[in-house]
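I have placed the structure first, in the form of structure tokens, so that the comments after it can refer back to it.
Small disclaimer: the values here were computed from a predicted structure and weren't measured. Reminder, nothing fancy here: chain letters follow the sequence lines and each chain counts from 1. Keep in mind that the numbers below use all heavy atoms, side chains included, and drop hydrogens, waters and symmetry copies.
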Amino acid sequence: MRDVKAGSSEYITLVSNDGFEFKIQRSSACISGMIKRMLDPNGGFSESTTNVCKFSEINGIVLEKVCEYFYYNEKHKDSRDVPDMDFPPELCLELLMAADFLDT
Amino acid sequence: MATRGTRKIRPPRRGLNNGEMDFEQTWAILASAFTQIHEKQASKLSYEELYRNAYKIVLKKKGDELYLRVAEFERDWLGSEIQRRIHKELPPQLMNALQGRSSAGSAGDNQVRKQGERFLRQLKLAWEDHQTCMSMLTDVLMYMDRVYCTDTRRPSIFTTAMSLFRDCILRSHVRGDDSWPDICGTLNHVILDQIRMERDGDFIDKHLIKVNVYMLEGLYDSHHEVEEEKLYLTSFEYEFLASSAEFYRALGDRLLKESDAGQYCRETRNRIDEENDRCRSTLSESTTPKIQKVVEDELIRYRMKDLIESESGVRFMITNERHDDLALVFDLEARVDPRKPELTKALQKIILEMGTNLNDAAQVGAAAEVPEDKAKAPADRLVNQQTVAALKWVEDVLELKDKFDAIWKQSFQSDQTIHTAIMRSTAEFINSHPRCAEYMSLFIDDNMKKGIKGKTELEIEVLLDKAIVLLRYVQEKDVFELYYKKHLGKRLLMGRSLSIDVEKQMISRMKMELGNNFTAKLEGMFKDMTLSEELTAGYKGYVARLGDADPRRIDLAINVLTSMTWPVETTNSAPDDARESRLKTIYPPAVERIRQGFENYYKEKYSGRMLDWKGNMGTADVKVTFPKVPSKDGFKERRHELNVSTYAMLILLLFNDLPSGASLSLEEIQARTNIPTNELVRNLQSLAVAPKTRILLKEPMSKDIKDTDKFFFNEGFMSKFLKVKIGIVSAGNRIENDRERVETEKKNNDSRGYAIEAAVVRIMKQRKELSHQQLVTETITQLNSQFKPDVNMIKKRIESLIEREYLERIEDSPSSSYRYLA
């Protein structure tokens, strides 16, 4: 994981298409390859300066689950025999697509 | 993400890919964004939007199209905008200069240099921009790379874009003119040009070049990104090495002509370091070994021979003690070849030459005055001169050896190969001197008698070490032993040795160096000396106990020598005296009584031993009273104590019984003493001819002694000293004259013969049967520590052993072989 530039905040904001905002630890969010690149200061896109990521294709419910997964992943990064995370089956497909989109 | 449960999975309420997507429209968004990125105005762009658009295109199976469009976009951008910017920096003047088509003066040179730097800077800029932009594009197109490129096994868009840079920029020609090299070639030229300037002492912008080199390292010749096809390797490095070789070839030529060898070495060293630095700071580390090899080849490998043999080469350095320079030469040659053949060869040659010079000088010194002085000067002086020459030779050899040892330690890092070479050449020239063994022994003799006087133990230690070191080089150890025995014998008997301790140390060192065998006899000599002291003391006690206390008795100190251990010539005079020496010397009664007394004492102690009295080797203290002569404090009897040889004592005693003024002729003296003629002549010479010790007067006065000469007691003898030592002419150890040498050689050959026979018998006893060739080889190996046996001599000895039926020939063997007969 690339080092975050000094001075950039530790937390970032993810915004869903229906307006929910999730403040989340930068390191956890960067599990997603897409978010990581989006925030990469070397890339110089607008998101890297505002530290706000708007997702016009993902709704609040899915994004919440995504955030949950980020933390779940970060927590169990180095451990084994991890208990499975619970996903409501009705969200499965949308989550899968979001995962593909986010490169998670 | 894993899911669990068996409930029905609902379709997504709102797919990410819902709604129609117009490719052209979406691409237009992307393309304009890309332009902004290239123009460095990306901060307004939303990554999410761009990513989403690219994502959609790929999702709609238009990845192929997107990929091509992006490539197309980049080709356009590079081919027009960037190419234009770079070509602008390549004015014809620069191109001409790089091609060597115009003669650039120093002013032009400077301009070309500036232009070159501008070109490099522009190229660097273009490359850096391209990289940043492409990494941003790759970020945006991540989904395409991940899904489309992986599925269809296409190189990532980044790789493609890098090859585009290669094709559109580096492979492009300025103004479309094919007669000029492409940008890549131009780049090489510019860099090489800059390096040339740096080699000539200019400062250049190393970082600028480094970045460009880095670019070449990041690009590949084709789209297979294999290590060997880096543009750096395929395009630049080869030219760099070639031009460097050319540069250093010229430099080597110039240096050899213009500067001395030391400077050449220093320059070479600097150049090598410089090239190392250059690789690190300007080019690529991977080139370091290659350019090193080029420099080493051009400046060292192909030049070493010329360098070493040049006027200011190794010989000059050695003569002038240029140790640092020698170290440089060593260091340089060690770089190209761990065996250092040129240096070793040169060293050996120089040592041999210097050694041969010493040998010649010694021979000249020894033979110097032979022709003119033959008649006039006594032979003794000539011999002394030769002795001095011999001593000088040894000292010179030592000095030479010290010199090279110092060089070896200081300059050659105590290198083993060089050491062997030095050793070998030293041994070679030492052994090429026919009398080296004799000279060495003489050298030790001289030091034992005079050299160690007033020296500290440490200094003596060093001296002994030196002697041993030299001895190591001598091949004919048996000859050395012979001489050493002879010289040692004289030292011991005449009490000329300054320190018996040092003598013994010497022997023990030889023992360590050459083994027990070698020193057994020498040690025997010391044992004899100790035994003799005991005998003398014992005899004194014996006489005292007999109660025969006669105050006028003569004190006797005796040395009993074992005839086998002591060198024969000290106990036996020259062969033509053999007849005379068989006649028993007549001792006057006073002496004869004591002689008998001791003989009785000795026979009582050891039965079955023969005592043979050697008058020529003894000395005697004689108290002489000279008649009164007038002197400033009135008439006075003068007493002197004369230290003379035993024979001289006998002669003087004859005059005891003679009335004052009477004379004896040589023949009479001989008849009454039976002293061998040559000994007699020598003693009379020192008694009657030597100016300071003229106890006898001779008639007629001349230097030579004739049979008819008459001798008188010199009543007017004058001396300032109470004790007068009357030396026998040429009693000291000195170089042998030719006759003595012939004899020594003969003796030596004899003893070698015995040694060979002994070795042959030893070998055959063990092996029973052996071919001739093998026998000879083994014999040589066995005897090598003592001397180098002559093959012919071995053959003769084998013949003789066969005659005496120690061996027999094996009749029906294909090669000649022998069998041992028990």
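- Within 6.0 Å of the CD atom in B:Q25, the count of heavy atoms belonging to other residues, nucleotides or ligands does not exceed 12.
- Contact between A:F45 and B:L50 at its shortest, heavy atoms only, is CE2-CD1, 3.9 Å.
- Separating the OH atom in B:Y47 from the CG atom in A:L39 is a distance of 9.5 Å, to the nearest 0.5 Å.
- At a 4.5 Å heavy-atom cutoff, the contact between B:S46 and chain A is made by backbone and side-chain atoms alike.
- Between the side chain of B:E48 and the backbone N or O of A:C53, no donor-acceptor pair lies under 3.5 Å.
- The parts of A:D100 that come within reach of chain B are both its backbone and its side chain, each placing non-hydrogen atoms under 4.5 angstrom from that chain.
- Crowding of A:Y72 atom OH: a count of heavy atoms from other residues, nucleotides or ligands under 6.0 Å exceeding 12.
- For the pair B:L45 and A:E47, the tightest heavy-atom approach, listed with the atom from each and the gap, is O-OE1, 4.0 Å.
- Considering CE of A:M38 and CE of B:M142, their distance stands at 9.0 Å, rounded to 0.5 Å.
- Environment of NZ in A:K54: sparse, with no more than 12 heavy atoms of neighbouring residues, nucleotides or ligands closer than 6.0 Å.
- Checked against the 6.0 Å centroid threshold, A:F101 and B:Y51 count as a close aromatic pair.
- Counting heavy-atom neighbours within 6.0 Å of B:Y214 OH, excluding the residue itself, gives a total of 12 or less.
- Heavy-atom distances place the side chain of B:R146, and not its backbone, under 4.5 Å from chain A.
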